[in-house]
Every structure is written in C-alpha cells, then in structure tokens.
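Scroll down for the structure; my scribbles are underneath it.
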Amino acid sequence: DRKLCMSDWHSLAAQMGGGRTANALRTFHRQKTNPEYAKPELPEGVKHERGLVRRIAVEAVRMLGGHATFPEILKCCRTDPKMQQEFGGRMNCHMTKILGAKSERPVWEGTLQ
C-alpha cells in the first residue's frame, strides 16, 4: 500500500471528470478509509427544523451589530444567554466531524459553517 501523492490525485480527478478536485477526492478517500476522519453515526431522524440554523446566524449577526466574522458568530451562539434561551433547545448538539477534519463539533456548528 503506497501513499498517493498530489499528482496521483490530480490524475484521478481528471480521469473521473464530474468537477471534483484532487483535494476533494483525497479528503473523501481519507474519510472513508481512515477511522480518525470517519464521521460518527448520528441518530436517525435527528435534524434541525428547516431554516433554524440560518435564523440563528442572522440573529447572531444582528446582535453583533450587523457585521461579524464566523468565529464571532460561533462565540455568540455558544455563549450568549439570549441565544441559548431562544435556540439552545432546538440546536442539534450531536457531535460530528466536518469533512476532512479529525476534530468533532456539534452538528449545528458544522451546518453553520
């Protein structure tokens, strides 16, 4: 088993077509073959209500004065008592992994990203 270099991934992407990049193929392969990158199973039927994450983000930006960076929005959503009171019980807090990452975070954060 040899490790593929980026030129190999570029060749595969070109052969496959379909608009996938070499990085996308490598990341997908790693997620499927390396347990450290595999997404944990989520309980069936656990989803956010439609539009909830967008409403959370819009409210966070409003509370932050109309302009905010992603880290500022996350901090507001995680720590602001008003945000937690209004949305906390409806946020999907099951842990998942973002494609290509080893670290886990709540589903709502991954959706927001």
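All residue numbers refer to positions in the sequence shown, counting from 1.
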**Q.** Pairs satisfying salt bridge (charged side-chain N to carboxylate O under 4.0 Å, His left out), at least one member in residues 71-85, at least two apart
**A.** R78-E109
Q.
Between I56 and M83, is the side-chain contact (heavy atoms from CB on, under 4.5 Å) condition met? List the steps.
A. CA-CA 8 Å; I56 291 169; M83 292 293 286; 3.7 Å; yes
Q | SG on C77 to CZ on F87, rounded to 0.5 Å | A | 8.5 Å
Q | Those residues that, when tested against Q84, pass side-chain contact (heavy atoms from CB on, under 4.5 Å) (two or more places apart) | A | M91
Q: May I have all residue pairs that pass side chain to side chain donor-acceptor pair (under 3.5 Å) and include part of residues 50-65, sequence neighbours excluded?
A: E49-R55, E59-R62
Q | Heavy-atom side-chain contact between M95 and P106 under 4.5 Å | A | yes
Q) Residues in side-chain contact (heavy atoms from CB on, under 4.5 Å) with A57, at least two apart? A) L112
Q: Sorted by first residue and then second, give each salt bridge (charged side-chain N to carboxylate O under 4.0 Å, His left out) pair with at least one member in residues 21-31; sequence neighbours left out.
A: none
Q | Separation between NZ of K97 and OG of S103, rounded to the nearest 0.5 Å | A | 8.5 Å
Q.
Listing request: all ring-ring contact (aromatic ring centres under 6.0 Å, His included) pairs with a residue in residues 20-40, at least two apart in sequence or in separate chains.
A. W9-H29
Please output the side-chain donor-acceptor pairs of residues 12-21 that fall under 3.5 Å, not counting sequence neighbours, one pair per line with the distance.
residue, atom, partner, partner atom, Å
T21, OG1, A24, N, 3.0

Q: Quick one: list whatever passes side-chain hydrogen bond (donor to acceptor under 3.5 Å, both in side chains) with N92, sequence neighbours left out.
A: H94
Q: Kindly work out whether a path of hydrophobic side-chain contacts (I/L/V/M/F/W/Y, heavy atoms less than 4.5 Å apart) joins V58 to F70.
A: no
**Q.** Residue list, side-chain hydrogen bond (donor to acceptor under 3.5 Å, both in side chains) with E36, at least two apart or on another chain
**A.** K102
Q | Set of salt bridge (Lys or Arg N to Asp or Glu O under 4.0 Å) partners for R105, sequence neighbours left out | A | none
Q: Looking only at non-hydrogen atoms, find the nearest pair between V61 and H67 and report the distance.
A: CG1-N, 4.0 Å
Q | Residue list, side-chain hydrogen bond (donor to acceptor under 3.5 Å, both in side chains) with Q31, at least two apart or on another chain | A | none
Q. Roughly how far apart are L25 CG and L4 CG, rounded to 0.5 Å?
A. 10.5 Å
